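Read the structure below first, then the notes.
For clarity, every value in this text was computed on a predicted model and none was experimentally measured. Just the heavy atoms: all of them, side chains too, but no hydrogens, waters or symmetry mates, feed the values below.
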Amino acid sequence: MEQLVEARLDEIRRVIGKADDDPLKIVGVGAGAWGSVFIAMLQENYGTFRDKVSVRIWRRGGRAIDKATAQHLFEVINSREELLRRLIRRCAYLKYVEARLGDRVLYADEILKDGFCLNMIESPLCPLKVVTNLQEAVWDADVVVNGLPSTETFQVFSEISKYWKERVTAPVIISLAKGVEAEFEPRPRIVTPTQMIYRATGIPLENILYLGGPNIASEVYNKEYANARICGSEKWRKPLGKFLRQSHFIVWDNSDLVTHEVMGGLKNVYAIGAGMVDTLTKESATSKSVYFAHCTSEMIFITHLLAKEPEKLAGPLLADTYVTLLKGRNAWYGQKLAKGELNLEMGDSIKGKGMIQGVSAVKAFFELLNQSSLSLQHPEEGKPVTPAELCPILKMLYRILITREVSCEAVLEALRDETMNDPRELIEIAHSHLFFQPSLLGQTP
């Protein structure tokens, strides 16, 4: 097995063009749950080949851990003998005792070095090499893994671009970000994280890829069987797919970056509503299946606005949607809102969970698709409608989360509306290409 792993490492080094005495440098940017797990898996798989590869992760320094979190962290440590012994061997245990007693403050970058991601305290990772200086982290990186929220991607990569001005060869960037932003001038369009990275850095688009799949970070790290797709140029997606593959984490490659990246943002939108429906109906399987039928039809319709022949909502794409609606942080957020345990005034960055990407995505998708300049004749009713008007669940989530004019219960009203059409009809409209809007991704018709 070790020979197979080393062979995969040697192959990606050959493709990238590394000299024998120059380690392959892999850097994670952003230390949320999935970003941290992704880097930890690479560290565990390849970290023993120190002369051939270096794996490190950047996160901002100075984020203090409150006493309640320090106490919980201490409980987690003492409940696991192997973890306890590891910290004692590393002479790292005492600081957690002192933090538990309130005698010292721990910081997020400090505990990440010991394998504790702030967004998933109860699922410890392997120890990681953590860098808090962004320039030090990325200036000579060969492979950069974007683990930032979409809301931070452009800003951070704009700073990174300053450190890459003297580079001779461009790095390869794998974006894990699931979210979108919208802009309205000079014309309405969606901006995906890979496009943000391209704009910020000027790195060739063929060097920027997206990886996504039906994965809950802690479960993947604990070696639950999972799969993902890496999407982008054939030059890089095929060798990277082989390099990232592990026995419990199967990575396929796909050329349709647009659909996968947009679906990555859309599933977070509808996951919030799924969480609300789950709570409001007391986990009714029937209600959740009705919601699933309508939200997937809206997702299919929206992707057909952006791409003429998008990847079908099947296989890993459908599975990714399913697991996010079932157990992702956005679904959890919808549940907590419906229960009244969270409220919108708390914002969309939640302690212990990180950024709830679905909130900004609701705003981006609805406001973009509600532009009057995108209006077209409804094929049956014969009157002008914006694409957003054909997506009643998206519209209701916007009214709940963004304008805050209705409560969470309104999502059920959208489902129970007697005038709502069969989801099949929206899918048929999508397949007609009547509403195809290539300009929404900055393309020419």
Can you find a heavy atom in the side chain of [X] that is under 4.5 Å from one in the side chain of [Y]?
X: Phe157; Y: Met196; value: no
X: Leu401; Y: Met276; value: yes
X: Val27; Y: Ile57; value: no

Under a 3.5 Å threshold, yes or no: a donor from one side chain and an acceptor from the other, between [X] and [Y]?
X: Glu181; Y: Thr151; answer: no
X: Asn78; Y: Tyr93; answer: yes
X: Thr279; Y: Gln335; answer: no
X: Thr386; Y: Asn370; answer: yes

For Glu82, I'd like to know if atom CD has over 12 heavy atoms of other residues, nucleotides or ligands within 6.0 Å.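 For Glu82, atom CD is not crowded (no more than 12 foreign heavy atoms under 6.0 Å).
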If you draw a 6.0 Å radius around OH in Tyr322, do more than 12 non-hydrogen atoms from other residues or ligands fall strictly inside?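 Open: at most 12 neighbouring heavy atoms sit under 6.0 Å from OH of Tyr322.
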Looking at every non-hydrogen atom in both residues, tell me the closest pair between [X] and [Y] and how far apart they are.
X: Leu209; Y: Thr194; value: O-CG2, 4.0 Å
X: Asn215; Y: Asn227; value: OD1-O, 3.1 Å
X: Ser407; Y: Ile400; value: O-CG1, 3.5 Å
X: Asn119; Y: Gly32; value: ND2-CA, 3.7 Å
X: Thr321; Y: Met299; value: OG1-CE, 3.6 Å
X: Gly265; Y: Phe365; value: C-CE1, 4.1 Å

Hey, are [X] and [Y] close enough for a salt bridge, meaning a charged N less than 4.0 Å from a carboxylate O?
X: Glu81; Y: Arg85; result: yes
X: Glu44; Y: Lys223; result: yes
X: Asp109; Y: Arg63; result: no
X: Lys95; Y: Asp114; result: yes
X: Arg199; Y: Glu183; result: yes

Listed partners of Phe292 passing ring-ring contact (aromatic ring centres under 6.0 Å, His included), at least two apart: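 Per chain and number, Phe292 pairs via ring-ring contact (aromatic ring centres under 6.0 Å, His included) with no residue.
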Could you tell me which residues satisfy ring-ring contact (aromatic ring centres under 6.0 Å, His included) with Phe366, sequence neighbours excluded, listed by chain and number?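 With neighbours one apart ignored, the set is Tyr398.
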With side-chain contact (heavy atoms from CB on, under 4.5 Å) as the test, would you mind laying out the steps for Lys395 and Glu389 before giving the verdict? CA-CA 7 Å; Lys395 182 178 180 179; Glu389 289 297 321; 3.3 Å; yes
Determine whether a donor-acceptor pair (N or O, by modelled atom type, separation under 3.5 Å) exists between the side chain of Gln371 and the backbone of Leu368.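 No; judged by distance alone, with no hydrogens or angles, the pair does not exist.
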Could you go step by step and tell me if Leu415 and Val277 meet the side-chain contact (heavy atoms from CB on, under 4.5 Å) rule? CA-CA 10 Å; Leu415 285 185; Val277 170; 4.1 Å; yes
Could you work out, with side-chain contact (heavy atoms from CB on, under 4.5 Å) as the rule, every residue matching [X], not counting sequence neighbours?
X: Thr286; answer: Ser284
X: Lys351; answer: Asp66, Ala68, Thr69
X: Lys129; answer: Arg56
X: Ala177; answer: Asn146, Thr153, Ser175, Pro193

Using 0.5 Å steps for rounding, measure from the CG atom of Leu73 to the CG atom of Leu106.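 Rounded to the nearest 0.5 Å, the CG-CG separation comes to 7.0 Å.
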Let me confirm one number: the OG-NZ distance from Ser255 to Lys238, rounded to the nearest 0.5 Å.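 Ser255 atom OG to Lys238 atom NZ measures 9.0 Å (nearest 0.5 Å).
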Please list all pairs meeting salt bridge (Lys or Arg N to Asp or Glu O under 4.0 Å) that have one or both residues in [range], counting only residues at least two apart or in different chains.
range: residues 115-127; answer: none
range: residues 228-237; answer: Glu206-Lys235, Arg229-Glu311, Arg237-Asp253
range: residues 315-334; answer: Glu219-Lys327, Lys267-Asp320
range: residues 272-287; answer: Asp278-Lys288

Only counting residues at least two apart or in another chain, list the ones meeting salt bridge (charged side-chain N to carboxylate O under 4.0 Å, His left out) with Glu159.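 With sequence neighbours excluded, Glu159 shows a salt bridge (charged side-chain N to carboxylate O under 4.0 Å, His left out) to no residue whatsoever.
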Only counting residues at least two apart or in another chain, list the ones meeting salt bridge (charged side-chain N to carboxylate O under 4.0 Å, His left out) with Glu341.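 Salt bridge (charged side-chain N to carboxylate O under 4.0 Å, His left out) check on Glu341 returns Lys336.
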Salt bridge (charged side-chain N to carboxylate O under 4.0 Å, His left out), that's the test. Do Arg59 and Glu110 meet it? Break it down for me. CA-CA 10 Å; Arg59 73 151 294 140; Glu110 179 183 16; over 6 Å; no
Close aromatic pair by centroid cut-off 6.0 Å: Phe116 and Tyr96: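 That pair passes the under 6.0 Å test.
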